[in-house]
*Asks:* 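Mind looking over this structure? Questions follow.
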Amino acid sequence: MNNLVKISRDKDKDNDVAVITIDNPPVNALSPGVPEGIWAAIDEINSDAGVKAAVVIGGGRTFVAGADIKEFGKMTSGGPRRSLLPLLLRIEDSSKPVVMAIHGTAFGGGLELAMAGHYRVASPTAQVGQPEVKLGIIPGAGGTQRLPRLVGVAKAVEMCADGKPVSAREAATLGLIDRLIEGDLQAGAVAFAREIAGKPAPKTRERAEKLGTAAENAAICAAARETAGKKQRGLKAPLAAIDAVESATRLSFDEGCQFEAKLFTECLFSNQSKALIHIFFGEREVAKIPDVPKETPVIPVNRAAVVGSGTMGGGIAMVFANAGIPVVLKDVDEPALNLGMGKIRKNYASSVQRGRFTQAVMDERLQMITPVLTYDAFSEVDMVVEAVFEGMALKKTVFADLDRACRPGAILASNTSTLNIDEIAGATSRPEAVIGTHFFSPANVMRLLEIVRGKKSSKEVIATCMSLSKKLGKIGVLVGNCRGFVGNRMFGPYRREAQFLIEEGAEVEALDHALVEFGNAMGPLAVGDLAGLDVGWRIRKEYRHLEEPGIRQPFSEDRLCEMGRYGQKTGRGWYRYDDSRRTSVDPEVTALLRKWSAEAGIPQRQISAAEIVDRCIYALVNEGARILEEGYALRAVDIDIIYINGYGFPAYRGGPMWHADTVGLQKVYQRICEFHQQHGELWAPAPLLQRLAETGKTFAEFDKEQAAAA
Ligand code: 3H9
C-alpha cells in the first residue's frame with residue numbers, strides 16, 4: 001500500500017470487513033501508484049485470517065473516474081492497461097469477496113475496476129459509464145468483455161459506443177449494481193459485505209448467461225454500427241468499441257481481452273484520440289482566466305431578465321428557466337411578446353413530444369418565464385441579457401433604459417454578435433457592470449457562450465458570467481472586444497473564401513460536401529441559409545465604409561439577398577427549400593453565378609475538394625493566429641473550444657488551431673503563402689503563424705510558453 005490507497009477495518013464489533021479507500025483527489029483517477037496500492041491491499045486482506053470480506057470505496061467526492069488521462073500522452077505502448085488488467089484479475093481471484101462501493105462516478109477504468117469486484121453497491125445518485133469513446137479510445141481494461149457479461153450485449157454496445165453514463169438506478173435494473181444504498185454508503189457496503197461473506201463469490205469473467213446467440217448479436221451490432229455511422233460520423237472509436245464488445249460473444253475472455261487490447265492501442269495512438277484529449281483538457285482550461293483568480297467573488301444570480309423575445313431572446317429566456325432561474329422576458333408590444341412566448345411554448349412542447357421531459361417539467365419551466373412590456377420588474381433582477389436587433393443605436397437606447405431600471409450591482413449583458421461592447425457600455429453610468437454574453441443559435445441547444453470582456457468590465461462580473469455559464473449548461477469562453485469577437489471574426493474569412501470559390505467555379509453542393517466530408521456538421525452555404533443570409537448582409541451594410549478599396553470582396557450572397565433570397569426562411573437562398581424544408585440544388589442559382597462571374601471577369605475553373613478545404617479551413621487558422629497574437633483569445637485552445645462548440649467543427653480534429661498543428665504549421669504556412677500569391681492581400685500570412693512555422697513550433701507550444709510566462 002501507499003499514500004494513495006489506505007486500508008482500515010470497519011468500526012463495529014466484528015471487525016472482520018476491511019475497507020480499502022482510494023484517495024487520489026480530485027477524482028481518484030488510476031494514476032501511477034493507485035493500481036499498485038490496490039494490489040497490495042488485496043494481498044493484505046487475503047493473508048489476514050481475520051478478514052472475511054473487503055469493501056473498495058473512493059475517498060472524497062467520487063469513486064474512480066477512470067484511468068489518469070494526463071498519463072496518456074506519455075505512453076509509448078499499451079498505456080495503463082499493463083498495470084490494470086492483471087490487477088483486475090487479481091481482485092476477481094481474491095479468496096475474500098470484494099464489494100465495490102460506488103458514489104459520484106465510476107467511469108472508464110473506474111467501472112472496469114468495479115466490474116472486477118464480486119459485488120457492486122452504489123448510492124442512488126451515482127453514475128456509471130464507459131465514456132472512453134469521447135476521448136477517441138475504447139475501454140482497455142476488459143470493459144468490453146466484462147460489461148456484456150453483466151448487462152447483455154445490446155446495452156454494453158450502447159454504453160461503450162456512445163459513451164453516455166447510466167444512473168445507478170438504471171444500473172441496478174440492468175444487473176450491474178447489486179444493491180442501492182440510501183444514506184451512509186460505507187456503512188451499507190460493510191453490512192452488505194458481511195451478508196455475502198462466506199458465500200460463493202461470482203467472477204464476472206466466468207459469467208456467460210447474458211451473452212446471447214451469435215444471430216441476435218450480429219443484428220444488434222449491425223444496427224449499432226449504422227447508428228454510430230450517422231450520429232458519430234467520422235469517429236473511429238465507436239466502431240472499434242462495437243467490434244470489441246462483439247468479440248466477447250465469440251472469443252474466450254482472455255482472447256477477447258487481447259482483441260480489445262489491439263483495438264485500444266490503435267485508438268490510443270490515433271490523431272483522433274490526441275485531438276479529443278486536447279478538447280477534454282481544453283474545456284477545463286478555458287475556465288482559467290490569468291488575471292481573474294478562482295477566489296474572485298461572484299454575484300449571486302437568482303433572478304434574470306431578457307430584453308427582446310425574438311429567436312435569440314426567447315432561447316436565452318429558456319436557458320435561464322431550464323437552469324431553474326426565474327426570468328422576466330420583455331418586448332415592446334403585445335403581438336411581439338405573444339409571438340415570442342408562442343415559440344417558447346412550441347419549442348418546449350416538441351421536447352415533451354420527443355420524450356426529453358414530461359409535461360409537468362414543461363409547465364414548471366414555463367412558469368419561470370414572466371412576459372412583460374415594461375421595465376418595472378427589472379429593479380428586482382441580478383442580471384439582464386439584452387437580445388434586441390443588431391444595431392448600435394437601438395442597443396444604446398436599451399442600455400440607457402437598463403441603467404435607469406436596474407439596481408446598482410446588477411449585471412448588464414448584451415447578446416450582440418459583432419458590436420462594440422465598450423460603445424454599448426458607454427450608454428450607461430456603470431461600464432464596469434457591462435459585458436457581452438454571446439449565445440449561439442438555437443440558444444437553448446448550443447453549448448458555446450462567448451463572454452466578451454469590455455475595457456471596464458469588472459473582475460466580479462467576468463467571474464460571475466464564467467461560473468454562471470456552467471450553471472446554465474454552457475461552456476463559457478472569455479474573448480476580447482474586437483469586431484465579431486473570436487468566433488464570428490474567424491467565420492468572416494471562412495465564408496468569404498466559400499463565396500470566392502463559388503465565384504471561381506465551384507458548385508454550391510460540391511463546396512458544402514467537401515467541408516462536410518472534412519467533418520463539419522454543415523457546409524458554409526447551408527449554414528448561411530439556415531441562419532438567414534440577410535443577417536450577414538445587414539451587418540455588411542453597416543460596416544461597408546470600413547472596406548478597403550481595391551481589395552476583392554465577394555458579391556454573390558449580397559446579390560442573392562437583393563433578390564429576397566434569404567435562405568430557409570424565404571424558401572430560397574443558396575439552395576431551394578420545399579414546405580417541409582427538403583433541400584435541393586437550384587439551377588437558377590447556378591445560372592446566376594455563372595452570369596455574375598462572367599460579368600465580373602472571374603475566370604472559371606474546376607476546383608478540387610482538397611482546395612476547397614484548404615482555402616476555407618486555413619482562412620480560419622490564419623485569422624485565428626491574428627486573434628491570438630492580438631490577445632483577443634487567451635489561448636489557441638480557447639479558439640478550438642469555440643469552434644467545436646459553436647460552429648460544428650469536428651471535435652475529432654481538435655479545433656482549427658489543433659488541426660493546423662496536426663497538419664504541421666510549416667505546411668499550413670506554405671499553403672497560405674501560395675494563396676497570398678494567387679489571391680492577394682486578404683491572404684497575407686499572420687505574423688504569429690509565420691514565426692511559429694519558421695521556428696518549428698506549434699500553437700499548443702505557444703499556449704504553454706504563454707502560460708509559463710504569465
Ligand atoms: C479510461 O479510463 C480508460 C480505461 O478503459 C483504462 C484503459 C487501460 N484523469 O471535470 P472536472 C481532472 S479513460 C486525469 O472539472 P467535475 C480534470 O482535468 C478515462 N484527470 O470535475 C480537472 O482538473 P483541473 C475515462 C482528470 O466534477 C479535475 O480532475 N474517464 C480525470 O465537473 C476536475 O475535473 C473519463 O473520461 C481523469 N480521468 O466532473 C472521465 N478526470 O481541476 C473524465 C477528471 O486541473 N472525467 N480529471 O482542471 C469526467 O468526466 C469528469 O471529470 C467527472 C467530474 C464527471 C469525473
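For ligands, and for the atoms within them, numbers begin at 1 and follow the listed sequence.
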*Asks:* Is there a side chain to side chain donor-acceptor pair (under 3.5 Å) between Asn24 and Ser31 once you walk through the steps?
*Replies:* CA-CA 8 Å; Asn24 184 25; Ser31 318; 2.8 Å; yes
*Asks:* Do the side chains of Asp93 and Arg205 get close enough for a salt bridge, i.e. N-O under 4.0 angstrom?
*Replies:*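 Yes, this pair counts.
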*Asks:* Which atoms of ligand 1 sit under 4.0 Å from any heavy atom of Lys470?
*Replies:*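 Those qualifying, in numeric order: 32 (O).
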*Asks:* For ligand 1, is any non-hydrogen atom under 4.0 Å from Glu283's backbone (N, CA, C, O), its side chain (CB onward), both, or neither?
*Replies:*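 It is neither; nothing of Glu283 touches ligand 1.
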*Asks:* Checking the side chain of Arg120 only, and the main-chain atoms of Leu176 only, is there a donor and an acceptor separated by less than 3.5 Å?
*Replies:*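 Yes; judged by distance alone, with no hydrogens or angles, the pair exists.
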*Asks:* Given Phe280, Phe264, Phe107, Phe63, identify the one with the heavy atom nearest to atom 43 (C) of ligand 1.
*Replies:*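 Going through Phe280, Phe264, Phe107, Phe63 one by one, Phe280 has the nearest heavy atom to atom 43 (C) of ligand 1.
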*Asks:* Look only at the side chain of Arg233 and the backbone of Asn520, and say whether a donor-acceptor pair between them is shorter than 3.5 Å.
*Replies:*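 Checking the backbone N and O of Asn520 against the side chain of Arg233, a donor-acceptor pair under 3.5 Å is found.
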*Asks:* Within ligand 1, which atoms have a heavy atom of Arg61 less than 4.0 Å away?
*Replies:*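 Going through ligand 1 atom by atom, the ones under 4.0 Å from Arg61 are 16 (P), 21 (O), 27 (O), 33 (C).
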*Asks:* At a non-hydrogen distance cut-off of under 4.0 Å, which region of Val27 contacts ligand 1 (side chain, backbone, both, or neither)?
*Replies:*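 The side chain, only.
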*Asks:* Mark up the atoms of ligand 1 that fall under 4.0 Å of a heavy atom belonging to Gly109, in ascending order.
*Replies:*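 Counting atoms of ligand 1 from 1, those under 4.0 Å from Gly109 are 1 (C), 2 (O), 4 (C).
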*Asks:* Using a 4.0 Å heavy-atom threshold (strictly under), name the region of Thr62 that reaches ligand 1: side chain, backbone, both or neither.
*Replies:*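 Answer for Thr62: neither.
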*Asks:* I need the atoms of ligand 1 closer than 4.0 Å to a non-hydrogen atom of Thr105, numbered in the order shown.
*Replies:*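 Answer for ligand 1: 56 (C).
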*Asks:* Would you mind checking if Arg453 and Asp291 are paired as a salt bridge, meaning a charged N to carboxylate O distance below 4.0 Å?
*Replies:*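 Looking at Arg453 together with Asp291, the answer is yes, because their closest N to O distance falls below 4.0 Å.
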*Asks:* Kindly check if the number of other-residue, nucleotide or ligand heavy atoms within 6.0 Å of CZ (Arg303) is above 12?
*Replies:*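 Open.
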*Asks:* Counting only heavy atoms closer than 4.0 Å, does ligand 1 sit against the backbone of Ile69, its side chain, both, or neither?
*Replies:*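 For Ile69, backbone and side-chain atoms both sit under 4.0 Å from ligand 1.
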*Asks:* Do Lys230 and Glu226 have side chains that get closer than 4.5 Å, going by heavy atoms?
*Replies:*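 They are in side-chain contact.
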*Asks:* Start with the C-alpha distance between Glu255 and Ser247, add both sets of side-chain angles, then the distance that settles side chain to side chain donor-acceptor pair (under 3.5 Å), and finish with yes or no.
*Replies:* CA-CA 9 Å; Glu255 288 166 342; Ser247 78; over 6 Å; no
*Asks:* Closest by any non-hydrogen atom to atom 30 (N) of ligand 1: pick that one out of Gly129, Gly143, Ala65.
*Replies:*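 It is Ala65 whose heavy atom sits nearest to atom 30 (N) of ligand 1.
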*Asks:* Are the charged groups of Glu158 and Lys155 less than 4.0 angstrom apart, N to O?
*Replies:*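 So Glu158 pairs with Lys155 through a salt bridge.
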*Asks:* Could you pull out, from Ala29, Ala67, Gly66, the option with a heavy atom nearest to atom 38 (N) of ligand 1?
*Replies:*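 Shortest heavy-atom distance from atom 38 (N) of ligand 1: Ala67.
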*Asks:* Atoms of ligand 1 less than 4.0 Å from Phe281 heavy atoms?
*Replies:*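 This gives 18 (O) as the contact atoms.
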*Asks:* With heavy atoms under 4.0 Å as the rule, classify the contact between Lys134 and ligand 1 as side chain, backbone, both or neither.
*Replies:*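 Neither part.
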*Asks:* Which of the numbered atoms in ligand 1 are below 4.0 angstrom from a heavy atom of Pro26?
*Replies:*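 Checking each atom against Pro26, I get 28 (C), 29 (O).
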*Asks:* Do any N/O atoms on Glu112 end up under 3.5 angstrom from N/O atoms on ligand 1?
*Replies:*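 So ligand 1 has an N or O lying under 3.5 Å from an N or O of Glu112.
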*Asks:* Decide, yes or no, whether a salt bridge links Lys697 with Glu705 under the criterion of side-chain N to carboxylate O below 4.0 Å.
*Replies:*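 Yes, this pair counts.
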*Asks:* Among Arg284, Gln130, Glu260, which one has a heavy atom closest to atom 17 (C) of ligand 1?
*Replies:*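 Heavy atom nearest to atom 17 (C) of ligand 1 belongs to Arg284.
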*Asks:* One residue to check: Pro131. Relative to ligand 1, which of side chain, backbone, both or neither has a non-hydrogen atom less than 4.0 Å away?
*Replies:*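 Only the side chain of Pro131 comes within reach of ligand 1.
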*Asks:* Counting each atom of ligand 1 from 1 as listed, which ones have a heavy atom of Gly108 under 4.0 Å away?
*Replies:*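 With Gly108 as reference, the close atoms of ligand 1 come out as 2 (O), 25 (C).
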*Asks:* For ligand 1, which atoms have a heavy atom of Pro139 less than 4.0 angstrom away?
*Replies:*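 Those qualifying, in numeric order: 5 (O).
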*Asks:* Have a look at Glu132, Lys70, Lys288 and point out the one with the heavy atom closest to atom 3 (C) of ligand 1.
*Replies:*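 Nearest option to atom 3 (C) of ligand 1, by heavy atoms: Glu132.
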*Asks:* So if I apply the side-chain contact (heavy atoms from CB on, under 4.5 Å) rule between Leu468 and each of Val298, Ile325, Ile411, Leu449, which one comes out positive?
*Replies:*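 Single side-chain contact (heavy atoms from CB on, under 4.5 Å) partner of Leu468 among Val298, Ile325, Ile411, Leu449: Ile325.
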*Asks:* Please state which part of Glu285 comes within less than 4.0 Å of ligand 1, counting heavy atoms only: side chain, backbone, both or neither.
*Replies:*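 Neither; no heavy atom under 4.0 Å.
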*Asks:* Parallel, tilted or perpendicular: which describes the rings of Phe440 and His438, with under 30° parallel and over 60° perpendicular?
*Replies:*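 Phe440 vs His438 ring planes: tilted.
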*Asks:* Check whether any side-chain N or O of Thr62 sits under 3.5 Å from a backbone N or O of Val27 as a donor-acceptor pair, and report yes or no.
*Replies:*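 It does not hold such a pair.
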